[in-house]
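Here is the structure we will look at.
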2 protein chains.
Amino acid sequence: MRRASGNARAVGLRQVATPAPLALELRALYPSLTDLPLESTALEVLDVSAGTRLFDAGAPCAGFPLVLEGEIQVSRAASDGRQLELYRVGPGEICIVSAAGLMSNRPLNAQGTAAARTRLAMMPPNLFARWNDHKPFRQFVFGVFADRLGDLMTLVDAVAFHRLDERLAGFLLERGRVIHTTHQALADELGTVREIITRLLNRFESAGAVKLGRERIEIVNATALQSLSGSALKSP
Amino acid sequence: MRRASGNARAVGLRQVATPAPLALELRALYPSLTDLPLESTALEVLDVSAGTRLFDAGAPCAGFPLVLEGEIQVSRAASDGRQLELYRVGPGEICIVSAAGLMSNRPLNAQGTAAARTRLAMMPPNLFARWNDHKPFRQFVFGVFADRLGDLMTLVDAVAFHRLDERLAGFLLERGRVIHTTHQALADELGTVREIITRLLNRFESAGAVKLGRERIEIVNATALQSLSGSALKSP
DNA sequence: ATCTGTCAGTGACGTAAGTTACTTAGCCCA
DNA sequence: TGGGCTAAGTAACTTACGTCACTGACAGAT
């Protein structure tokens, strides 16, 4: 964590804190920033390793994250240690919990963790407010906001109306043929505990849908898995 | 359902479709509309009875509802007939599912039903887009948007991590001392079935927390109910 | 080669919640 | 005052999930 220093205002110039390569990178990932004065703005850049907690539920939002590389996992934690993933934020995407925290000036209602080594630029709260007056940026933010809201409703639906085996099967299908992860991580994404994941995965293996290994799940029969999922992923 | 008619443009004037009293009423409930040209705009006004379906999941959003009187219940339905209330929209409030539908141009991801006799003005999609350029309106919409998002997270949390008795107890406490509703309606709000509500309410009655009657629940010991709820309503 | 920590497997058990299939109660209106 | 409707009670049963308390398996460090 590094803060831009120096005092350019002393010589009557605006502070130039965002190096040109970073501005370029940002504009490539977030085209809606194109016409904004990135170069004359202090954006803090963080480079964190997998597992780093980036923000906590209950805390005020410290800034709006622009992900350059990696992925942030946003989830909700229960008092008994279980947790449930709400969504992930990758490069070029935005975090609606942060946006909501900034727009309503309320504490964040979820926690964010780096799911991998992650590099991100932090847009300070006042800057976020100011740049929302810029129509392209605003439209981008609120477009994604709206999309994520839909995802969240689908999640509510899944949690309220679907069995865990369906949800797990659907989840695996979204992750490609070979998945490298632990049972605990899967449990944390689905809001359950490790043992249940183990049990369900073993069932899937007995059914011939997957092959299991240490931190490894290979889908050997996607069709079977699909039918196990009951196609639980339909949005509306 | 009544559509404003006439063709004022034929005589070179903008269409004047919103009568002054309605404009007044709207501005009283939605102050962020103050500086917008309500009078020169065609706003359809609907007056519907309790139970009327106002929009369906999967359909495109027909307009942005401004509630004048009554209440809209927004919920998500499962294929087995169960349904789960996401939130309600009263006078002066806004519906984020509609807003999201308009901003992302995607089908709505929940259904809306009048929870009582409801009167509302419908802002057409293109008007909503246009008026979002007006800062006070925009800030109002997105402020509420952000707030509701928080509610939604709390809902996810409740559904994923809390028992139904806790949720029911909490729900009752929010509804005042005497509640007039059916067990089925409660089930539809919490995402379960009627029998379970009956069972739980009877337990609450045995515990001396409530007194039951036909379409009537009276809370006789709020403290007891509170402890049954496990204070399951904490947000973050 | 052994140690140590993480990851995975397992079985017994408890219980919240949904399902089925009724019966009973209360209310409206003819 | 007796149908006919909807709301509510109920009991027996099933099942998905979670909890507990382990044991075993593997990988990198020493």
Side-chain angles (χ1 to χ4, degrees), chain A residues 49-51 77-84 157-172 178-207 210-218 228-230 232, chain B residues 50-51 77-84 156-172 178-207 210-218 228-230 232:
Chain A
S49 58
S79 48
D80 66 351
R82 279 191 283 166
Q83 53 185 84
L84 173 64
D157 193 281
V159 173
F161 301 130
H162 293 282
R163 286 200 320 273
L164 217 60
D165 54 353
E166 299 175 334
R167 291 173 53 210
L168 176 58
F171 200 89
L172 295 178
V178 182
I179 302 154
H180 292 274
T181 187
T182 68
H183 294 186
Q184 183 60 56
L186 286 169
D188 288 346
E189 295 180 280
L190 294 174
T192 183
V193 296
R194 202 212 82 228
E195 293 91 321
I196 306 294
I197 298 292
T198 304
R199 184 192 289 171
L200 293 176
L201 283 176
N202 286 338
R203 259 184 232 169
F204 291 175
E205 190 171 38
S206 304
V210 303
K211 234 176 66 181
L212 302 176
R214 187 184 173 86
E215 301 191 42
R216 186 172 185 284
I217 300 165
E218 186 187 345
L228 281 166
S229 85
Chain B
S79 47
D80 66 351
R82 279 192 284 166
Q83 53 184 85
L84 173 64
V156 172
D157 193 280
V159 173
F161 300 130
H162 294 282
R163 285 200 320 270
L164 217 58
D165 54 353
E166 299 174 334
R167 290 173 54 210
L168 176 58
F171 200 88
L172 295 178
V178 182
I179 302 155
H180 292 273
T181 188
T182 67
H183 294 184
Q184 183 60 57
L186 286 170
D188 288 346
E189 295 180 281
L190 294 173
T192 182
V193 296
R194 203 212 80 227
E195 293 90 324
I196 306 293
I197 298 291
T198 304
R199 183 191 291 170
L200 294 176
L201 284 176
N202 287 338
R203 257 183 235 170
F204 291 175
E205 191 171 39
S206 305
V210 302
K211 236 176 64 183
L212 302 175
R214 188 185 171 86
E215 301 192 42
R216 185 172 187 283
I217 300 164
E218 186 188 346
L228 281 165
S229 85

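In what follows, every heavy atom counts, from backbone to side chain, and hydrogens, waters and symmetry copies are set aside. Chain letters run A, B, ... following the sequence lines, proteins first, then strands; residues in each count from 1.
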With the side chain counted from C-beta on, respond yes when Leu200(B) and Leu164(B) share a heavy-atom pair under 4.5 Å apart, and no when they do not. yes

Checking all strands, does Arg82(B) fall into the base, sugar-phosphate, or nothing category for heavy-atom contacts under 4.0 angstrom? sugar-phosphate

Output the rounded distance in Å from CG (Leu190(A)) to P (dC17(D)). 11 Å

How long is the line joining NE2 of His180(B) and C1' of dG26(C), in whole Å? 16 Å

Nearest whole Å is fine: how far is dA16(D) P from Leu228(A) CG? 13 Å

Quick one, Leu212(A) and Phe204(A) - any side-chain contact, counting heavy atoms below 4.5 Å? no

In whole Å, I'd like the distance from the CZ atom of Arg203(B) to the C1' atom of dA17(C). 9 Å

Report yes if some heavy atom in the side chain of Glu218(B) is under 4.5 Å from a heavy atom in the side chain of Lys211(B); otherwise report no. yes

Round to the nearest Å and state the distance from Leu168(B) atom CG to dG18(C) atom P. 12 Å

Whole-Å distance separating the CZ atom of Arg167(B) from the C1' atom of dG18(C): 14 Å

Expressed as a whole number of angstroms, how long is the span from Phe161(A):CZ to dT19(C):P? 11 Å

Which part of the nucleic acid, if any, lies within contact of Leu164(B), taking any heavy atom under 4.0 Å across all strands shown: a base, the sugar-phosphate backbone alone, or nothing? sugar-phosphate

Flag side-chain contact, heavy atom, 4.5 Å: Ile217(A) against Leu201(A): yes

Got a list of protein N/O to nucleotides 8-11 of chain D N/O distances below 3.5 Å?
unit_1	atom_1	unit_2	atom_2	d
dA8(D)	OP1	Glu215(B)	N	2.9
dA8(D)	OP2	His183(B)	N	2.8
dG9(D)	N7	Arg194(B)	NH2	2.7
dG9(D)	O6	Arg194(B)	NH2	3.0

Check: Thr192(A) and Leu168(A) side chains under 4.5 Å, non-hydrogen atoms: no

Distance check needed: dC17(D) P versus Leu84(A) CG, whole Å only. 14 Å

Are Arg203(B) and Glu205(B) ion-paired here, with the side-chain N under 4.0 Å from a carboxylate O? no

